[in-house]
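In what follows, every chain begins at residue 1, and chains take the letters A, B, ... in the order their sequences are listed. Since the structure is predicted, the reported quantities are computational estimates derived from the model, not experimental observations.
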Amino acid sequence: MKMIYLKNVATLSFLAEKCLGCGRCAEVCPHGVFSLADKKAWVVEKDLCMECGACSLNCPAKAIEVNAGVGCASAIIKGWITGSEPSCDRDSGECC
Amino acid sequence: MKPLPTRSGCCRAPNNNCCSSDAKDAPLVSTSLSFKDRLGGWKVRWGIGRVNYQVEPGLYAVGKPDGDSPVLVSANYKLTFDTLRKNLVGLDCWLLILDTKGVNVWCAAGKKTFGTSELINRLEAVKLSERVRHRKLILPQLGAPGVSAPEIARRAGFSVIYGPVRASDLKAFISSGYQATKEMRTVSFTLRDRLVLTPVELVQAAKKSLSVFGVLFLLNLFAAKPFDVNDFAVCAGTIFIGAVLTPVLLPFIPGRAFAFKGWLLGLCWATLAVGVLGWFAPGRRLFAAGYLLALPAVAAYLAMNFTGSSTYTSPSGVLKEMKIALPLIVISAIVGSALTIIGHLMG
């Protein structure tokens, strides 16, 4: 069963004109958001994106942008309290 | 076989008995897990000693690797290391273990400790280019959020191949000439996956709720024992609902927001418990209402925290969920607790 989280929230944007068609995005995405057709990548299902940032970081053409981060409530709460970026910090024994 | 170099809790220095023979000689690792390894794995699943369950970063050998053997890169969380090596039976390969501070590959990649700079530094430190003739590294796919393959190629001269998500697919991946099926590339979140995560959720939730039970105990000291074993059972049941049952039943509970799923199960539980205990009776309604407000809020909060353990929630989504759910949870919990306590003291 493929689980889908909230709709229309992912910040993923893909600039097709920059794409070199290397297929790296499809290779690294853990949820099959990207697919390759006619030597160009395309976004199959944006709502499956969990904003891990793997595609953007590994794209040699910088054709993908996403506000990457951790989808973890306790990390976000801790970020609010400490005023820092949300991160899965194991010292707290919280998430992951 | 030399003992595995592990890091102890207090001292992070390398264990002296591990690699004393020859610094150039990468420690040989076994592909079978001992009873101690299994026990250690079980303990960290229950949150015991999880923060310091590490192996020493560096280069390891599996089987009899030579200059043409593949190089697999991984994290120094011992549970990760053990999962990897038990899936390499019969292979000759190198393991390059990065210092991820004892965190698994995916979470470490999110924090960039499983990252581009650490990988480049580690390649230098073990002088990998002098050990192998090829210039290929096999990274776990879930390391990709932390590592930029184009940058590794540019700065270190190694080309990154992203292997499968699960270590159990590694042998098939290698023997097929580094071809991964779509299934190997996709993260799942099966019942089994969710089940192994629940002990830690339960332990953490139980720790947090100790303070609540402390307050109830204090109230019991000063008033004429308003709280009894029924109250305890109802509260403990709620923690179980939020930290265990909601994660396990996740895809079957209506709604998409985790907090809503937890709230729904929490409401079912609270209604059932209050009904069975006869608290809907006249005169007890104030405190029944309190429980019906507070318990689902607690379950919602615990379920919301499971977003961090799930494999498919985006930060934008979690933020949206929290902005709506958190104020409701806080108000509901405070008003509910107040009503319950007042109702108890009056009853």
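Using a 4.5 Å cut-off between heavy atoms, B:Leu319 contacts chain A through both its backbone and its side chain. Both the backbone and the side chain of B:Glu321 come within contact range of chain A, each with at least one heavy atom under 4.5 Å from a heavy atom of that chain. The contact between B:Val147 and chain A is made entirely by backbone atoms, counting heavy-atom distances below 4.5 Å. With a threshold of 4.5 angstrom between heavy atoms, B:Lys182 approaches chain A through side-chain atoms but not through N, CA, C or O. Residue B:Phe306: no heavy atom, backbone or side chain, is found under 4.5 Å from chain A. Only the side chain of B:Met322 comes within contact range of chain A, with at least one heavy atom under 4.5 Å from a heavy atom of that chain.
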Item to check | Evaluation steps, side-chain contact (heavy atoms from CB on, under 4.5 Å), between B:Leu302 and B:Thr246 | outcome: CA-CA 9 Å; B:Leu302 294 174; B:Thr246 308; over 6 Å; no

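Heavy-atom pairs under 4.5 Å with chain A were tallied for B:Thr311, B:Leu326, B:Leu142, B:Val165; the largest tally goes to B:Thr311. Note: A:Cys29 leads A:Cys29, A:Cys49, A:Gly53, A:Gly32 in heavy-atom pairs under 4.5 Å with chain B. Chain A forms the most heavy-atom pairs under 4.5 Å with one residue out of B:Trp106, B:Tyr162, B:Tyr301, and that residue is B:Tyr162.
Taking all atoms of both residues into account, the shortest heavy-atom contact from B:Thr116 to B:Ser148 is OG1-N, 3.0 Å. Across all non-hydrogen atoms, the minimal contact from B:Gly266 to B:Ile241 is N-CG2, 3.9 Å.
Side-chain contact of B:Ser309 with B:Glu201: a donor-acceptor pair under 3.5 Å is present, judged by distance alone.
Ring geometry for A:Phe34 versus A:Phe14: interplanar angle over 60°, hence perpendicular rather than tilted (30 to 60°). Taking the six-membered ring where tryptophan is involved, the planes of A:Tyr5 and B:Phe258 are perpendicular, since the angle between them exceeds 60° and thus also 30°.
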